[in-house]
Q: 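Here it is, the structure in full.
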Amino acid sequence: MGLTRKDLLEIRSLEPGEIQTILDTAVSMKEIASREIKKVPALRGKTVVNLFLEPSTRTRTSFEIAGKWLSADVVNVSGSSSSVVKGETLIDTARNIEAMSPDCVVIRHAASGAAHMLARVLRCSVVNAGDGMHEHPTQALLDLLTIREKRGHLDGLSVAIVGDIAHSRVARSNIAGMRKMGMSVTVAGPPTLIPPGVEELGVKVARRLEDALRDVDVIMMLRLQQERMTANYIPSLREYSRLYGLSLEKLRGARDDVLIMHPGPVNRGIEMAPEVADGPYSVILEQVANGVAVRMAILYLLIGAKGTEA
Ligand code: CP
């Protein structure tokens, strides 16, 4: 069965049952990655436009691979190669793309709310691939899939999300998704990068990284979103790294079966030491692999699951 909604814009408004459906569908999609011929006809005749007006490696590539493995026609439009650079508005760009009859537009944009705005004016499905500081729902879904795969369940698990919470759409989507799925969340970072009132989202706040790490099942490190910062939030990168960077030494205070996650791109030596990023607890590349499966599931459930089987 597909999702009954037209768009996937945020985790905040998803029901736990919908999250479960997406994760279960992603599990069935994973098998396709191991085939010699990675192609099923589920989205044959469908067109997906990737409209990425902000840089991306993982999300854009995985949406393209996901669409292609499901036999959709996938078209990529990037900011630098589009008429946005000539002054065209987002709405005009989207309406012109829709005039070519795509079934789904996947949008990444620096402005919070950009995906919602497109969803209101376009008849086709819209998927939010990250909008400003608001949400990155497909990232949270692939993170939940990775945790569920490793632990067998989500309910009752505890997570520490560490770093630049204030500017992070990944943190916002993950907090919403994890709370919905019965997980407990602690956020940690410099006081300037913890949004006031974050406790209202149902999370605990730890000021010291060492306190946040103790006894959690998962540690999720975040990148400093310097492109979204409008002031100096930290004294220096060196100071930030000393206090909030995950080193092997700090990791000694964590559980010996802890999972270490990062949405990427990783700034090695700042939020995470290279030996931690590449170490035995790290599931960072498994997150990336699961990104393809989750995006296949989302495309299939939104535009392909009307009476067809994958
Ligand atoms: N995690 C993530 O969104 O990575 P990209 O910016 O490379 O897509």
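As the structure lists them, so they are numbered: ligands from 1, and atoms in each ligand from 1. Just so you know, these numbers come straight off a predicted model, no measurement behind them.
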Q: What is the nearest protein non-hydrogen atom to atom 2 (C) of ligand 1, stated with its residue, atom name and distance?
A: Thr59 OG1, 3.5 Å
Q: Looking only at protein heavy atoms, identify the closest one to atom 6 (O) of ligand 1 and say how far it is in Å.
A: Arg108 NH1, 2.8 Å
Q: Looking at Ser83 and Lys86, would you say the former's side chain and the latter's main chain have a donor-acceptor pair under 3.5 Å?
A: no
Q: In this structure, which one of Ile175, Leu193, Leu201, Val162 forms a side chain to side chain contact (heavy atoms under 4.5 Å, CB included) with Val187?
A: Ile175
Q: Would Thr57 count as a polar contact of ligand 1, with the cut-off being nitrogen or oxygen pairs under 3.5 Å?
A: yes
Q: Could Arg214 and Glu210 be called an ion pair, given the rule that one side-chain N must be under 4.0 Å from one carboxylate O?
A: no
Q: How close does the nearest protein non-hydrogen atom get to atom 4 (O) of ligand 1, and which residue and atom is it?
A: Arg58 NE, 3.0 Å
Q: If only atom types and distance count, is the side chain of Glu271 paired as donor or acceptor with the main-chain N or O of Asn267 below 3.5 Å?
A: yes
Q: Assess Gly264 for proximity to ligand 1: is some non-hydrogen atom of it under 4.0 Å away?
A: yes
Q: Has the side chain of Arg172 got a donor or acceptor atom that lies under 3.5 Å from a matching backbone atom of Met133?
A: yes
Q: Test side-chain contact (heavy atoms from CB on, under 4.5 Å) on Lys68 and Lys38; report intermediate values, then the result.
A: CA-CA 9 Å; Lys68 287 181 168 168; Lys38 299 176 182 59; over 6 Å; no
Q: Hey, which atoms in ligand 1 end up nearer than 4.0 Å to a heavy atom of Gln139?
A: 1 (N), 2 (C)
Q: Quick one: which ligand 1 atoms are inside 4.0 Å of a heavy atom on His136?
A: 2 (C), 3 (O)
Q: Considering non-hydrogen atoms of the protein only, which is the closest contact for atom 1 (N) of ligand 1, and what is the distance?
A: Pro263 O, 2.8 Å
